[in-house]
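What follows is a set of notes on a single structure, which appears directly below.
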Amino acid sequence: MTYFFETYGCEMNIAESAAVEQLLIARGWTKSESAQTATLAIINTCSIRETAENRIIGRLGWFNGLKAVRECKNGAKTKMLEEAVEYVKNGPKPLTLVVMGCMAERLLKDFQKNFPFVDYVVGTYAKHHFSEIIEAVEEGRKAFEVDDTENYKFASVSAEPGHFSTFVPIMHGCNNFCTYCIVPYVRGREISRPAGDILKEIDVLGKMNVREITLIGQNVNSYMGAMKEGENPCINFASLLSIVAEHLRQTKSPIKWVRFMSSHPKDFTDDVIDVIAKEDVICRHIHLPVQHGSSRVLKAMNRRYTREHYLDLVKKIKTKIPEVSLTTDIMMGFPGETEEDVELTLDLMRQVKYESAMMYFYNPREGTPASKEKQLPVEVRKERLQRVIDLQIEHTREQMSKRVGKTVRTLVEGVSRDNKMELLGQTERHEKIAFEASSSLIGTFVDVKITQLSGNTFRGEIAN
Ligand code: SF4
């Protein structure tokens, strides 16, 4: 039996899809390159923006057509479905369609009502029912209703098959209620995964040839977990990082790099900075979403830190970890933003000099407080975003140019898509680097000398 995945959205969705994929592989299923010939198609959805949901609704229309073809109810309406028509030439081969993720959680019963051709709607709290769903498909049983909105359970392993880098969920949900964000309404309050379970997953990942892990959660800095389920939670994020680093050392794990995301600047404490400075296994790259450079806008966003707090935090990080690379998220055009607020953001960027940034303009999300505010015209939002992008392009170029000539530790990820003679690797600071070397090095760490900058990729040569 074969499965097909379509995953939208953030790292958490990638990890949650991978966890289901691991279940399927363990039961002997194989991956299908197309939905047209798969037994089971799973769409992992994202609700963060309305545009993301609309795109998924569009795709569902296509899946509805595909299901009809697979049940021999219809001819091929599009070229894309011809493969499915060929596949069912000897009779119907029904496709089971599952929708999971944030949109499934947000709409649940409405989803089933509006899209009756979807066999299972699995909210984020109901993922642990996947084994039963897979079993039902294997036995050709009719779909049943999955109804669970209370007990969130972390999957035991969320590694993407065949990847050297993988995500390890350590938290679920968010308590912060930034006024533009729907996540706390969809994913619920924060739950921290027991540290013992995180270590168990890390051991499994080491055996699966993983070399780099990223601890993920909506706000990892507010992690507060116990060693075991049911124990008193007394492990904060700094302690968790120390425990992970010590465990990797003690077990002589092949995992040599640990990253984390997302961080919330209000919860990024001095002890976290100290652990990063002390533990070499924790990468010298911190993604620290600022969102805006004006304290007034940050307050309206309910970010609960000021521009001054953020700049002070950056100063502490750069002092204790001088080789650190900082990246961020910036949102322009928030309701009520003035020209002065834009200037403050550009000024903050000049002070921090981020290596790179995710930049976007504010888009109201129905159901959030900011969507009820008077909105700035879209052209104004776009123009302000463009100014931020232009400045970041300058900074990225400037920061990257300084790296030419340096020798950097690199995780070799695979063969370059553009040039089959070259390998592509990633540095500790999350930079891409291409260099000529034997493919036997894939999955290992090597030292590469950066010889030139080409676009946003470094070129280099293996250092002696
Ligand atoms: S911290 Fe803010 S932006 Fe991030 S998930 Fe929570 S509410 Fe959304």
Side-chain angles (χ1 to χ4, degrees), residues 8-16 44-53 101-106 123-125 152 154 167 169-193 214-225 236-237 259-269 272 286-307 309-310 313 326-335 337 345 354 357-373 381 385 388:
Y8 296 86
C10 65
E11 297 75 28
M12 196 57 89
N13 270 14
I14 295 172
E16 288 177 351
N44 195 348
T45 58
C46 171
S47 278
I48 199 85
R49 299 202 173 83
E50 240 156 77
T51 43
E53 286 199 350
C102 287
M103 201 174 160
E105 182 68 43
R106 193 173 86 79
T124 51
Y125 285 79
Y152 186 84
F154 289 92
F167 298 120
I170 63 163
M171 291 184 76
H172 180 265
C174 180
N175 294 349
N176 290 311
F177 290 93
C178 300
T179 56
Y180 52 84
C181 180
I182 199 156
V183 168
Y185 305 94
V186 178
R187 291 220 169 223
R189 299 296 77 73
E190 287 172 2
I191 304 167
S192 295
R193 185 179 181 194
T214 304
L215 308 177
I216 56 166
Q218 257 74 38
N219 175 16
V220 289
N221 304 89
S222 60
Y223 177 89
M224 185 50 76
N236 67 12
F237 186 54
R259 303 179 188 276
F260 56 87
M261 72 184 301
S262 281
S263 285
H264 197 306
K266 79 174 166 58
D267 298 316
F268 207 110
T269 49
V272 172
I286 298 175
H287 186 73
L288 196 61
V290 67
Q291 302 299 358
H292 211 279
S294 154
S295 297
R296 204 182 61 78
V297 176
L298 288 171
K299 188 157 190 250
M301 289 175 166
N302 193 31
R303 292 289 290 174
R304 288 183 276 166
Y305 54 86
T306 60
R307 159 195 179 82
H309 171 91
Y310 186 92
L313 176 60
L326 285 175
T327 57
T328 198
D329 297 338
I330 300 178
M331 181 198 289
M332 296 310 288
F334 195 72
E337 180 191 72
T345 302
Y354 297 107
M358 296 279 294
M359 298 159 283
Y360 45 102
F361 68 83
Y362 171 73
N363 242 326
R365 187 71 188 91
E366 197 194 332
T368 59
S371 68
K372 299 184 189 107
E373 301 294 326
R381 288 183 248 163
L385 171 65
V388 163

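In this chain, residues are counted from 1 in sequence order. Order of listing sets the numbers, starting from 1, for every ligand and every atom in it.
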Which of the numbered atoms in ligand 1 are under 4.0 angstrom from any heavy atom belonging to [X]?
X    : answer
N176 : 1 (S)
P184 : 7 (S)
V183 : 5 (S)
C181 : 3 (S), 5 (S), 7 (S), 8 (Fe)
Y180 : 3 (S)

*Pick one: which of H264, E190, K266 meets side-chain hydrogen bond (donor to acceptor under 3.5 Å, both in side chains) with S222?*
E190

*Should R303 be listed as contacting ligand 1, given a heavy-atom distance under 4.0 Å as the test?*
yes

*Using the six-membered ring wherever Trp is involved, compare the ring planes of Y305 and H309 and label them parallel, tilted or perpendicular (cut-offs 30° and 60°).*
tilted

*Can you label the angle between the Y152 ring and the H172 ring as parallel, tilted or perpendicular, going by 30° and 60°?*
parallel

*asked:* Restricting to N/O/S atoms, is H264 within less than 2.8 Å of atom 6 (Fe) of ligand 1 or not?
replied: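 False for H264.
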
*asked:* Return the OG to CD distance between S262 and E11, rounded to the nearest 0.5 Å.
replied: 6.0 Å

_Rounded distance (nearest 0.5 Å) linking atom OG of S263 with atom CD of Q218_ = 12.5 Å

*What residue and atom, counting heavy atoms only, is the protein's closest point to atom 5 (S) of ligand 1, and at what distance?*
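It is Q218 CG, 3.5 Å.
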
*Which residue holds the protein heavy atom closest to atom 2 (Fe) of ligand 1, what is that atom called, and what is the gap in Å?*
C178 SG, 2.3 Å

*Measure from atom 2 (Fe) of ligand 1 to each N, O or S atom of C174 and report whether any distance is below 2.8 Å.*
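Checking C174: none of its N, O or S atoms is under 2.8 Å.
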
*ligand 1 versus F177, non-hydrogen atoms closer than 4.0 Å: side chain, backbone, both, neither?*
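The answer is the backbone.
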
*Pairwise side-chain contact, T124 with V186, heavy-atom cut-off 4.5 Å (strictly under)*: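 A side-chain contact is absent here, since even the closest heavy-atom pair is not under 4.5 Å.
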
_Pair R106 + E366: basic N to acidic O under 4.0 Å_ = no

*If you look at every heavy atom in Y310 and P289, which pair is closest and at what distance?*
CE1-O, 4.2 Å

